[in-house]
Amino acid sequence: MDRRVQRTRKLIFKSFMDLLREKGFEKITVNDIAERADINRGTVYLHFLDKYDIFEKCIDIYIEELLSQCSDHEEIHLQEEAMRKVFLYLEEHIDLYKLLHENDKYGMFRKKFTNALLGQVGIAMAVMPEEIATSYEIASQFLVNGLLGVIEWWIGNDMPCNAEEATEKLLAFLKPFTDYIPK
């Protein structure tokens with residue numbers, strides 16, 4: 001991608017996120033984004049369909065960043081260290097993820113986060129013995145929705161315990177699954 005295009009998109013994302021903090025998603029307009037970025041409204045439309053598209057692309061970027069920062073490879077296994085990295089990363093960037101979570105009125109953040117986690121859990125489940133992963137779909141939905149529920153609860157309640165405690169408590173529930181993952 002051309003550097004000017006990258007720079008413009010980055011400026012639009014930054015302006016959008018700043019406005020999201022100040023106004024909330026519902027009150028943001030494309031004009032607001034263009035004014036904040038000091039670009040023409042048409043330039044915003046050259047890069048994005050609308051504010052929903054910008055929000056969706058922001059979510060994609062931050063979920064990808066979370067996954068890549070929390071894994072040495074491009075996958076997160078159901079291992080203690082990977083879970084700890086997720087919670088530590090979220091703890092460090094809580095304001096950003098809380099902002100995305102709170103402004104997710106249409107379920108985009110949850111849906112994209114769920115799909116990303118399903119992909120990662122699928123990779124982890126592939127190495128489990130058949131008796132543990134008997135029903136791949138049921139087990140992966142259970143794990144992902146449980147993990148996502150804990151993450152949403154943790155973010156939404158201003159981290160009622162630290163990342164280490166959250167990891168330790170979550171792993172106690174996941175023990176039957178994590179015992180079969182190669183270390």
Completion exercise
For T43, the side-chain contact (heavy atoms from CB on, under 4.5 Å) test, sequence neighbours excluded, returns T8, I39, N40, H47

Problem - Pairs touching residues 4-13 that satisfy salt bridge (charged side-chain N to carboxylate O under 4.0 Å, His left out), sequence neighbours left out - result: D2-R4

Handout entry: E91 CD: over 12 foreign heavy atoms closer than 6.0 Å
Key = yes

Exercise for the section: Could you check M17 against L100 for side-chain contact (heavy atoms from CB on, under 4.5 Å), going step by step and ending with a plain yes or no? Expected result: CA-CA 9 Å; M17 292 302 287; L100 293 173; 4.1 Å; yes

Practice task
Please name all residues satisfying side-chain hydrogen bond (donor to acceptor under 3.5 Å, both in side chains) with K169, sequence neighbours left out, ordered by chain then number.
Solution key: none

Completion exercise
Contacts of D95 meeting salt bridge (charged side-chain N to carboxylate O under 4.0 Å, His left out) (sequence neighbours excluded), chain-then-number -> none

Practice task
Assert yes or no for the condition that the ring centre distance of F142 to F173 is strictly below 6.0 Å.
Solution key: no

Problem - Working for side-chain hydrogen bond (donor to acceptor under 3.5 Å, both in side chains), residues D32 and T29 - result: CA-CA 5 Å; D32 293 335; T29 66; 3.1 Å; yes

Problem - Sequence-distant partners of Y45, ring-ring contact (aromatic ring centres under 6.0 Å, His included), two or more places apart - result: none

Problem - Shared hydrophobic cluster, L49 / I28 (ILVMFWY, side-chain heavy atoms < 4.5 Å) - result: no

Exercise for the section: In sequence, state the C-alpha distance, the side-chain angles, and the governing distance for V44 and I54, and then conclude on side-chain contact (heavy atoms from CB on, under 4.5 Å). Expected result: CA-CA 9 Å; V44 176; I54 298 170; 4.0 Å; yes

Practice task
Please tell me if the side chains of L66 and H93 come closer than 4.5 Å, counting only heavy atoms from C-beta onward.
Solution key: no

Exercise for the section: Scan residues 148-171 for pairs that pass ring pair (Phe, Tyr, Trp, His ring centres under 6.0 Å), counting only residues two or more places apart or in two chains. Expected result: F87-W154

Exercise for the section: Kindly write out the residues that satisfy side-chain hydrogen bond (donor to acceptor under 3.5 Å, both in side chains) with E165, not counting sequence neighbours, or none if the list is empty. Expected result: none

Exercise for the section: Output, in order, the C-alpha distance, side-chain angles, deciding distance and verdict of ring-ring contact (aromatic ring centres under 6.0 Å, His included) for F55 and F109. Expected result: CA-CA 9 Å; F55 188 50; F109 180 67; 8.0 Å; no

Handout entry: K111: partners by salt bridge (charged side-chain N to carboxylate O under 4.0 Å, His left out), with sequence neighbours left out
Key = none

Fill in the blank from the handout: CG of L170 to CD1 of I151, rounded to nearest 0.5 Å, is 8.0 Å

Exercise for the section: I would like to know whether L88 and E164 meet side-chain contact (heavy atoms from CB on, under 4.5 Å); could you show each step before the answer? Expected result: CA-CA 8 Å; L88 287 170; E164 291 292 332; 4.1 Å; yes

Practice task
Starting at CG of D158, measure out to NZ of K98 and round the result to the nearest 0.5 Å.
Solution key: 3.0 Å

Fill in the blank from the handout: Of L11, I12, L19, the one forming a side chain to side chain contact (heavy atoms under 4.5 Å, CB included) with R36 is L19

Practice task
Please step through side-chain contact (heavy atoms from CB on, under 4.5 Å) for the pair M83 and L147, ending with a clear verdict.
Solution key: CA-CA 10 Å; M83 294 286 182; L147 177 59; 4.2 Å; yes

Exercise for the section: Report the residues that fulfil side-chain contact (heavy atoms from CB on, under 4.5 Å) with L148, sequence neighbours left out, ordered by chain and then residue number. Expected result: R110, F113, T114, L117, E152

Problem - Single-linkage hydrophobic cluster, 4.5 Å side-chain cutoff, I61 and L99 together - result: yes

Practice task
Name all residues meeting the side-chain contact (heavy atoms from CB on, under 4.5 Å) criterion together with S140; count only those two or more places apart in sequence or in a different chain, and write none if there are none.
Solution key: L118, V121, Y136

Handout entry: Exceeds 12 heavy-atom contacts within 6.0 angstrom, atom CG of D38
Key = no

Exercise for the section: Using side-chain contact (heavy atoms from CB on, under 4.5 Å) as the criterion, list what pairs up with A116, not counting sequence neighbours. Expected result: I63, L67

Problem - Euclidean distance, C58 SG relative to K14 NZ, rounded to 0.5 Å - result: 12.0 Å

Handout entry: side chain to side chain donor-acceptor pair (under 3.5 Å) pairs, two or more places apart, involving residues 54-65
Key = D53-K57, E56-K112, D60-K112, E65-Y89

